[in-house]
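Remarks on the structure that follows.
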Amino acid sequence: MPNTKLQCVTYIAKTMMIMRAWLAASLVVLFVACGSESSRLSHESPNYRQASRQSCLPPKTDGIIGKGTECRKWVTAATPPPQNLSPANHHFTAHPSTVPMRDGKVLYGTLYLPNDLSKPGPCVLYAGGYAPPAAAGIPAALNASITLSDLAQRGYAGAYISLRGTAPDGEALYYRYREDVYDIIEWMAAQPWCNGNVGMIGGSLDGITQWLGSLDIPPSLKAMIPEIACGDCYWYLWNKGGTFPGNGRKGRTPPGTAYDEYAAGSEHPNYDAWWQERTSDTAHHQALAAAGVSVMQCGGWDDYIFAGGMRAVEEIEQAGGNGMQLIGPCAHGGNTPTMLPYELDIWRVIWFDRYLKGVENGVAGTTDALFFVEGAELYRFEDEWPILDGRNAKLYFAAKTSGTVTSLNDGSLGAEAPNTGEPHAEYTYSPDDNHNSAGGGTVRPTNDQAPDEAISLTWTSDPLPDHTEITGWPKVEFWASINTPDTDFIFELTEVTHDGASHTISRGWLSAARYFNRSNPSPVPKGQILKYVIELWPMSHVFAAGTRIRLDLAGSDFPGTRPNVEPGRVQIYQDAKHRSFLTVPVIGTARLPGERP
C-alpha cells in the first residue's frame, strides 16, 4: 500500500488570504449519481438523499472503483460552500478570562468575542486538555486559537478554557472533565454575549473532553464536533479490546508535571468504576440523541483512535439523533488533507450554522457520512452509515494451504463452509518472543507484513475476480482453546498485491478473558473450545482484481499494546462443528472468490 497518505486534523494556520482565494475558486463538485443534467446535484441545493442513479458513468479517478459502485455519490472536485454560510466579516477581540467551578476552583482561558454583535448569539467552547492558553508553542492552544478566531470572524463567541488534569494542575487522567465542562457550558450560556445555544469543538484529547463533558447532558449544549476522539477510551484507546496499554500510552506524562497518565491507566486494566466514570457509552449516546445534541465527528482511516468516535456517532444516529461521519485518508495530527467537496474548517461552520444558528444550508442533516475510499482515491457521500445496501460476505477458515506466504500454517479463506473435519491451526505464545506489530498505538503499518506473518497464523483467499469495495466494520467469528488464564488475539486484515506484498487495511484487538466480562474477568477455562467474536476497525478500501484478502493472527501487538504476561498455546478450530470465518461488508456487485451469483 503506497505511503502517500496525508495526515488529519491540522494544527497549521490557514491565512485568510488563502481562504478567500479558495472560496472564490470556481471549482465544481461532480456526483456520479447522474442521469439527465437537471438531475445532477449542485452546491446551491445539495439534496444528497434524492440523487438520481440512472445512466451512471464511472467517476474520473487515478484509482479504481469497486464493481457496481459507479452510481454512488462520488465527489471528484471541490465546490464553493453553501451561499448562506456565515461570512468571515466580523472583527473580534481575544482577552483572558476566568470561570468559576462548582467546588470553588477557578479555571483560566481566553475569550474570542466578536466586536459588533447587536444581540447575543451562539457560542462555542474549546475545552483544553493539554495546556493552559498562555503556553507558547503548545499545538492544542495554537489550534484552539486558529479555530476560535475563524468562528469569531463568523459571528460566534468562543472560549478556550484549560481543564484540570493538565499542566500545571496534573491531578488525574480525565480529571473532573464531566463536572467542569458542564459548569463551563452553563456559565457561557448565561453570559450577555451568548443566546444559550452552546457548541463544542476540538480534536484528540480536546475531543475526548467533549464526550466526557457531555455525560450529564448540559441543558445549553446543542452541537458537538469531536475530531479524532473516542467516547469509550477504555476499549478503543487505552485498553484496545481489553488488552494492556502499550508504549504510545506510556509517553503520556503531561509536560511540567510529575503526574503519569500511564501509571494511572495501568492501575485499571479492567472496565471498572474508575473507567465507567470516564466513558461515554451506548446509554449516554442514546441520551444525547434524546436531548437533541447534534454530533459531527472527524477521523481518519490511519488513525489509532477514530473507531471509538465512529461507534459513538453510529449509536447516536441509531437512537434517532443527528450525526455525521467525516473520514479522511489520514492519521493522528499533522496536516489536514484536501477534504472534498469542502475543507474541514468549512464543514465546522456548516454544522454550527445548522444546529446553533438554525440555518437551513441544505447540507447538514441531509447525509450521514462523507469518507475517503482507499484505492478509488476519492471521497464519497453515503445516506447511511453503516451502509445499509452493503452485503455481508463470509470467508471461512480452511486448513488447505494457499501457497502464497511463509507463515505458521498458510491456511486459506474460502466462500464454502467446511462440512468435514479440518485440522486445527495453532501457535505458541510467549511475552519474550518476537512480536507481531499491528500499530495499535500509532498509525496503521504501511510496510510489507511478510516478516510479521512468518511468526503468525494466516488465512489467504484466492485472487479476487473483480475490483471489490469493502466499506464498514469487518468481523471475525472464531473458535479457540487456550491453556492459559488469558491471552490476546491480534488480527490484521491485509491486501496481498500482485507482487506478493501484504499491506495492512484493518486491525483488531481482543483479550480472551475480557471478551466474556470486561469489568470482572475470570480465567478462561483451560483447553475448552470457546467461540469469540471480534470487530476489526472500520475501513473503506477497494481491493484490485487479482489481489487477495489475507487475515493474520498473532498473540501480541508490541509496542502498540503491552504483551500479555501469560505464555501459552493457542489452537484455532475450523471444522464443520467449529466454523470460523471472516465477514466483510461488500459494497456493489463484486463477488468474492468462490461465491455463487
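Numbering of residues begins at 1 and proceeds along the displayed sequence. Source: prediction; values computed, not measured. Values below: all heavy atoms of this structure, side chains included; hydrogens, waters and symmetry mates excluded.
Considering every non-hydrogen atom in both Val295 and Pro226, the closest pair reads CG1-CD, 3.7 Å. Counting all heavy atoms, side chain and backbone alike, Leu117 lies closest to Gly155 at CD2-O, 4.0 Å. Residues Met200 and Val181 come closest through the heavy atom pair SD-CG1, 3.6 Å. Counting all heavy atoms, side chain and backbone alike, Ala144 lies closest to Tyr126 at CA-CE1, 3.5 Å. Shortest non-hydrogen contact noted between Leu111 and Ala159 is CD2-CB, 3.6 Å.
We find the NZ-CG distance between Lys222 and Leu356 to be 9.5 Å, quoted to the nearest 0.5 Å. In this structure, the separation between CD1 on Ile534 and CD1 on Ile490 is 7.0 Å, given to the nearest 0.5 Å. Leu340 contributes atom CG, which lies 9.0 Å from atom CZ of Phe372 (distance to the nearest 0.5 angstrom). Atoms CZ and CD1, on Arg348 and Ile350 in that order, are 12.0 Å from each other to the nearest 0.5 Å. A distance of 14.5 Å separates OG1 in Thr209 from CZ in Arg178, rounded to the nearest 0.5 Å.
Judged as a salt bridge (Lys or Arg N to Asp or Glu O under 4.0 Å), and not counting sequence neighbours, the contacts of Arg514 are Asp486. A search for ring-ring contact (aromatic ring centres under 6.0 Å, His included) contacts involving Tyr236 returns nothing, not counting sequence neighbours. Tyr355 pairs by the ring-ring contact (aromatic ring centres under 6.0 Å, His included) definition with Trp351, not counting sequence neighbours. For the side-chain contact (heavy atoms from CB on, under 4.5 Å) test, residues two or more places apart in sequence or in another chain that qualify with Ala152 are Phe92, Tyr112. Residues meeting the side-chain contact (heavy atoms from CB on, under 4.5 Å) test with Thr279, sequence neighbours left out: Asp232, Tyr271, Trp275, Asp281. Judged as a side-chain contact (heavy atoms from CB on, under 4.5 Å), and not counting sequence neighbours, the contacts of Thr98 are Val106, Tyr108. Remark: Arg380 engages Glu382, Glu469 in a salt bridge (Lys or Arg N to Asp or Glu O under 4.0 Å) (not counting sequence neighbours).
Sorted by first and then second residue, the side chain to side chain donor-acceptor pair (under 3.5 Å) pairs involving residues 184-203 (not counting sequence neighbours) are Glu186-Ser220. Every pair passing disulfide bond (SG atoms under 2.5 Å apart) that includes a residue from residues 204-238 is listed here, sequence neighbours excluded: Cys230-Cys233. Counting only residues at least two apart or on different chains, the ring pair (Phe, Tyr, Trp, His ring centres under 6.0 Å) pairs with a member in residues 197-224 are Trp211-His285. Applying the salt bridge (Lys or Arg N to Asp or Glu O under 4.0 Å) test to every pair with at least one member in residues 308-329, sequence neighbours left out, gives these pairs: Arg311-Glu314, Arg311-Glu535. Pairs of residues two or more places apart, or lying in two chains, that qualify as salt bridge (Lys or Arg N to Asp or Glu O under 4.0 Å) and include a residue from residues 88-103 are Arg102-Asp183, Asp103-Arg164, Asp103-Arg176.
Within the 4.5 Å cutoff, the side chain of Thr147 has no heavy atoms near those of the Val124 side chain. Residues Leu215 and Ser280 meet the side-chain proximity criterion, which asks for heavy atoms closer than 4.5 Å.
Using a 3.5 Å distance cut-off with no hydrogens or angles, the side chains of Lys357 and Ser86 do pair a donor with an acceptor. Donor-acceptor pairing under 3.5 Å is lacking for the side chains of Asn564 and Thr487. Using a 3.5 Å distance cut-off with no hydrogens or angles, the side chains of Tyr156 and Asp353 do pair a donor with an acceptor.
Counting only distance, with no hydrogens or angles, the side chain of Ser506 and the backbone of Leu536 share no donor-acceptor pair below 3.5 Å. The closest donor-acceptor contact from the side chain of Gln210 to the backbone of Gly202 lies under 3.5 Å. Ser149 contributes no side-chain N or O that, together with a main-chain N or O of Ile146, makes up a donor-acceptor pair within less than 3.5 Å.
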side-chain hydrogen bond (donor to acceptor under 3.5 Å, both in side chains) assessment of Gln297 paired with Glu227
CA-CA 5 Å; Gln297 78 92 25; Glu227 300 166 6; over 6 Å; no
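Ring geometry, Trp301 versus Phe371: the interplanar angle exceeds 60°, so the pair is classed perpendicular (tilted spans 30 to 60°).
Counting heavy-atom neighbours within 6.0 Å of His95 NE2, excluding the residue itself, gives a total above 12.
Outside the 6.0 Å centre-distance limit, the rings of Trp473 and Trp385 are not counted as a close aromatic pair.
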